[in-house]
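Some notes on the structure that comes next.
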2 protein chains.
Amino acid sequence: MMNLLTIGRAAEAVGCKVQTIRYYEQIGLLPSPSRSGGNQRLYDEEAIRRLSFIRHARELGFPLQTIRDLISLADNPEYSCEAADAIAKKQLEDVDRRLKRLQALRRELERMVEQCKGGRIANCRVIETLGDHTLCEAKNHDIPKV
Amino acid sequence: MMNLLTIGRAAEAVGCKVQTIRYYEQIGLLPSPSRSGGNQRLYDEEAIRRLSFIRHARELGFPLQTIRDLISLADNPEYSCEAADAIAKKQLEDVDRRLKRLQALRRELERMVEQCKGGRIANCRVIETLGDHTLCEAKNHDIPKV
DNA sequence: GTACTATCTCTAGTAGCTATAGGTTCAAGG
DNA sequence: CCTTGAACCTATAGCTACTAGAGATAGTAC
Ligand SMILES: [Zn+2]
Ligand SMILES: [Zn+2]
Ligand SMILES: [Zn+2]
Ligand SMILES: [Zn+2]
């Protein structure tokens with residue numbers, strides 16, 4: 001009845017690489033699955049569910065440590081969901097902060113690009129602005145994480 | 001006349017950590033500066049200018065490899081600035097892509113948070129949505145780089 | 001001279017994978 | 001049954017851009 005997936009099929013099912021799944025197992029995020037006679041990993045439906053949960057949370061930008069916390073919450077259905085909601089709110093706030101930084105960045109980049117009228121490097125507004133922050137509108141930029 | 005800065009002062013001047021400057025030297029982004037009798041690094045104005053250029057470009061989100069390219073352009077003032085402008089435009093496009101992804105993400109997170117009316121984990125919309133992408137509005141999310 | 005800080009080199013750690021090497025297992029075709 | 005090729009196994013190293021520490025030396029203030 002229960003169809004078991006090899007790691008390749010599992011990866012395909014959730015849209016990630018094979019090594020990513022092994023990595024999640026290695027760091028203890030995903031329990032070690034059963035193995036075939038030839039020592040190959042076999043994932044049951046529960047394992048696939050957990051893997052999808054992890055991947056989906058990653059796609060929504062949650063860091064792995066937070067996903068760990070979310071999983072242990074998800075494993076206790078009768079608990080209050082306050083903690084889960086708080087985690088999601090915090091994630092939303094993080095995303096908002098990143099958005100603000102990126103938007104400010106975008107404005108400066110656009111200005112740089114617009115102001116350069118071409119010509120030689122000596123007069124290039126792009127190079128000039130990179131060398132001189134006082135040409136920026138923003139008081140200061142936070143370095144974006146990636 | 002030329003005032004030389006120790007690495008600590010240099011770090012302070014450009015707003016980064018001491019180790020970051022040593023790192024830039026190590027990867028060949030910043031030339032090895034002169035040294036004091038006691039083997040401590042001493043940065044002249046030109047070195048500080050280059051360091052500020054690097055830091056400012058980082059603050060605007062340019063990756064180190066791109067900064068390498070920008071520096072070698074900046075070192076040839078009589079060249080056309082086409083290449084520099086193209087780099088800046090590409091960076092702007094990258095930022096735009098990241099912005100779009102983040103905005104889509106933000107919408108999903110907000111929806112998740114809004115839909116949960118509290119209660120137990122068993123009925124938590126946050127946990128439920130994380131486990132089931134069909135509850136999302138977006139067809140698919142790209143994983144945001146941080 | 002003694003304390004305290006800053007600097008030196010070297011190494012390892014961070015997040016979240018991704019890629020490779022060198023070897024086994026599995027499924028299909030003949 | 002045998003072979004071939006894909007998929008799997010482990011273990012290790014690499015990626016970006018730093019950051020943190022250990023243990024030793026240099027510089028500065030009193
Ligand atoms: Zn230009
Ligand atoms: Zn600036
Ligand atoms: Zn909830
Ligand atoms: Zn989704």
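Chain letters run A, B, ... following the sequence lines, proteins first, then strands; residues in each count from 1. Quick caveat: nothing in here was measured; it's all calculated off a predicted structure.
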Study note, to complete from the structure: Taken in chain and number order and not counting sequence neighbours, the residues that satisfy side-chain contact (heavy atoms from CB on, under 4.5 Å) with B:Ser36 are B:Gln40, B:Leu42

Exercise for review: Rounded to the nearest 0.5 Å, what's the gap from CG on A:Leu29 to CG on A:Leu51? Could you check?
Suggested key: 9.0 Å

Point to revise | Test side chain to side chain donor-acceptor pair (under 3.5 Å) applied to A:Arg97 - qualifying residues, sequence neighbours left out | key: A:Asp94

Identify all side-chain donor-acceptor contacts of residues 11-20 of chain B below 3.5 Å with residues at least two apart in sequence or on another chain.
none

Exercise for review: Can you check each nucleotide of nucleotides 8-13 of chain D against protein heavy atoms at under 4.0 Å and return B for base, S for sugar-phosphate only, - for none, in 5' to 3' order?
Suggested key: SSB---

Under 3.5 Å between N/O atoms: give me all the protein pairs with nucleotides 17-20 of chain D, atom names plus distance.
{"unit_1": "D:dA17", "atom_1": "OP2", "unit_2": "B:Leu64", "atom_2": "N", "d": "3.4"}
{"unit_1": "D:dC18", "atom_1": "OP1", "unit_2": "B:Arg55", "atom_2": "NH1", "d": "3.4"}
{"unit_1": "D:dC18", "atom_1": "OP2", "unit_2": "B:Tyr24", "atom_2": "OH", "d": "2.9"}
{"unit_1": "D:dC18", "atom_1": "OP2", "unit_2": "B:Arg58", "atom_2": "NE", "d": "2.7"}
{"unit_1": "D:dC18", "atom_1": "O5'", "unit_2": "B:Tyr24", "atom_2": "OH", "d": "3.4"}
{"unit_1": "D:dT19", "atom_1": "OP2", "unit_2": "B:Thr20", "atom_2": "OG1", "d": "3.4"}
{"unit_1": "D:dA20", "atom_1": "OP2", "unit_2": "B:Lys17", "atom_2": "NZ", "d": "3.3"}

Exercise for review: Apply side chain to side chain donor-acceptor pair (under 3.5 Å) to B:Asn76 and list each qualifying residue two or more places apart in sequence or on a separate chain.
Suggested key: none

Point to revise | Pairs flagged by ring pair (Phe, Tyr, Trp, His ring centres under 6.0 Å) wherever residues 102-133 of chain B is involved - sequence neighbours left out | key: A:His56-B:His133, B:His133-B:His141

Check your understanding: Going from CG on A:Leu30 to CD1 on A:Ile71, what distance comes out if it is rounded to the nearest 0.5 angstrom?
Key -> 7.5 Å

Short N/O separations, protein against nucleotides 1-3 of chain D, under 3.5 angstrom:
none

Exercise for review: Identify, with sequence neighbours excluded, every residue that meets side chain to side chain donor-acceptor pair (under 3.5 Å) alongside A:Glu110.
Suggested key: A:Arg106

Revision key, fill the gap. Span of DNA chain C engaged by chain A, first through last nucleotide within the 4.0 Å heavy-atom cut-off, is C:dG16 to C:dC26

Distance-only check: which donor-acceptor pairs under 3.5 Å involve side-chain atoms of residues 117-127 of chain B, not counting sequence neighbours?
{"unit_1": "B:Lys117", "atom_1": "NZ", "unit_2": "B:Glu114", "atom_2": "O", "d": "3.0"}
{"unit_1": "B:Arg125", "atom_1": "NE", "unit_2": "B:Gln115", "atom_2": "OE1", "d": "2.5"}
{"unit_1": "B:Arg125", "atom_1": "NH2", "unit_2": "B:Gln115", "atom_2": "OE1", "d": "3.1"}

Review point. At what distance, to the nearest 0.5 angstrom, does CZ of B:Arg55 lie from CD1 of B:Ile48?
Key: 13.0 Å

Point to revise | Trace of the side chain to side chain donor-acceptor pair (under 3.5 Å) decision for B:Tyr43 with B:Arg50 | key: CA-CA 10 Å; B:Tyr43 296 90; B:Arg50 175 153 296 204; over 6 Å; no

Point to revise | Results of salt bridge (charged side-chain N to carboxylate O under 4.0 Å, His left out) for A:Arg111 - residues two or more places apart only | key: A:Glu108, A:Glu137

